[in-house]
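See below for the structure under consideration.
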Number of protein chains: 2
Amino acid sequence: MNDVTFRCDCPISSALDLLGDKWTLVIIKQMLLENRRTFKDFLEADEGIATNILSTRLKWLESLDLITKEKLPDNKKVNIYRLTEKGLSSTPIIIELAIWSDKNLRQLHPILQESNAMIHTDKQGLIDHLITNYRKQNLE
Amino acid sequence: MNDVTFRCDCPISSALDLLGDKWTLVIIKQMLLENRRTFKDFLEADEGIATNILSTRLKWLESLDLITKEKLPDNKKVNIYRLTEKGLSSTPIIIELAIWSDKNLRQLHPILQESNAMIHTDKQGLIDHLITNYRKQNLE
DNA sequence: TTAATTACTTGCAAATCGCAAGTAATAATC
DNA sequence: GATTATTACTTGCGATTTGCAAGTAATTAA
């Protein structure tokens, strides 16, 4: 499963070898900002990912140690997916995508959702808050 | 050419509808950090993009107004590609990818190139410097 | 005037995507 | 306790995208 191949030795291109596709960062965003953590949660999101793609991407993310997968003791059916610290550390990338979007995409896509206002007044505060909050809600 | 379709109204997913693939941000990086600006420049980079993919992506980036294409008055052959302000404003995304890579990818890919040291001591300074510098070198 | 360079296009095989359908295990309901 | 629903998948298949090789057309250099 974990057949990572890197195009070259550039750190930026290498990051994109892992994260640079249509779905990987979307799934991380759904976990971080929308508290999604089960297969069904991801399927129900607005982006409309297909089941086979979701299944493949979750395995990919797990093999890269960006997320973990476990079952709760009282439920043998539902898998809970959680961001690892490595996954959580992609928060600044996601926030910069939101900022770029706010600045450049509204004329192309007028009905874009509003971003958290804090994104423009205290970016680092927002990032810290999101990470702290995520950790808090996922101690177990 | 410009057949942008957005999956949904999330700003982050929408940014990834434009930038979230294997090559788009790599080309922007090559322009911003490696001063590449001709078809040949891009082809010669370590990432090894194929000619047909490069051609398609340059048109895509131009149609989105992230880059411009023009010929110099003294050379009717070579096209010069340049980042627009919209393209330049993706610099923070690229820098955050480099930071994430520095932090998380070295154990997976030990021979990664060193990033500019400033990235960890004065991130905003580096971003400002890169943008100012790029503008200076591309006034014409 | 011949050769080289640049910026492409075309063809094709392989890989990936995305929809639909099916399955297997567990949990909830009657 | 049997039936139904839910969750997390897998499989099949057609469509799209990728990446390599080869070819082309315009311009420039030798």
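Just so we're on the same page: letters track the sequence lines, and every chain starts at 1. Everything numeric here is computed off the predicted structure, so don't read it as measured data.
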key: Interatomic spacing from CG in A:N79 to CG in A:L72 - rounded to 0.5 Å   = 9.5 Å
remark   = CD1 (A:I94) and CE (A:M31) are apart, to the nearest 0.5 Å, by 10.5 Å
Integer-rounded Å distance: [N] [atom2] and [X] [atom1]:
X	N	atom1	atom2	value
A:D17	C:dT16	CG	P	13 Å
B:W23	C:dT16	CH2	P	14 Å
A:K76	C:dA27	NZ	C1'	11 Å
B:E47	D:dG19	CD	C1'	16 Å
A:K22	D:dT18	NZ	P	11 Å
B:R57	C:dT9	CZ	C1'	16 Å
A:R36	D:dA8	CZ	C1'	17 Å
A:I67	D:dA8	CD1	C1'	13 Å

ask   = If you look at every strand shown and take non-hydrogen atoms under 4.0 Å, does A:K71 touch a base, only sugar-phosphate, or nothing?
value = nothing
message = Once you apply a heavy-atom cut-off of 4.0 Å, does A:F42 come out as touching a base, just sugar-phosphate, or nothing?
response = nothing
Side-chain ([X]) to main-chain ([Y]) donor-acceptor, under 3.5 angstrom:
X	Y	answer
A:S90	A:I93	no
B:W100	A:K86	yes
A:T91	A:I127	no
B:T56	B:N52	yes

Please write out the pairs of protein N or O atoms and N or O atoms of nucleotides 5-7 of chain D separated by less than 3.5 Å, giving the distance to one decimal.
{"unit_1": "D:dT6", "atom_1": "O2", "unit_2": "A:K77", "atom_2": "NZ", "d": "3.0"}
{"unit_1": "D:dT7", "atom_1": "OP2", "unit_2": "A:K40", "atom_2": "NZ", "d": "3.2"}

request  = Take B:N138 and B:I80 through the side chain to side chain contact (heavy atoms under 4.5 Å, CB included) test and state the conclusion after the steps.
outcome  = CA-CA 10 Å; B:N138 291 278; B:I80 305 290; 5.7 Å; no
task = Could you point out which residue of B:E47, B:Q30, B:K22 forms a side chain to side chain contact (heavy atoms under 4.5 Å, CB included) with A:S13?
result = B:E47
Produce the list of close N/O pairs, under 3.5 Å, pairing protein atoms with atoms of nucleotides 19-21 of chain C; give distances to one decimal.
{"unit_1": "C:dC19", "atom_1": "N4", "unit_2": "A:N52", "atom_2": "ND2", "d": "2.5"}

request  = Could you please name the option among C:dC17, D:dT10, D:dG19 that lies closest to any side-chain atom of A:S55?
outcome  = D:dT10
query = So which nucleotide from D:dT18, C:dA27, C:dG18 ends up closest to the side chain of A:N75?
reply = C:dA27
task = Verify the neighbour count for atom NZ of A:K71: are there more than 12 heavy atoms of other residues, nucleotides or ligands below 6.0 Å?
result = yes
message = Below the 4.0 Å mark, does C:dC8 have OP1 or OP2 next to a side-chain nitrogen or oxygen of B:K69?
response = yes
ask   = So, is B:Y81 near the phosphate of C:dT6, with a side-chain N or O under 4.0 Å from OP1 or OP2?
value = no
ask   = Taking 4.0 angstrom as the limit, do B:R82 and B:E70 come out as a salt bridge?
value = yes
request  = Tell me which of A:D21 and A:D74 sits closer to the 5' end of DNA chain C, going by the nucleotide each one is nearest to.
outcome  = A:D21
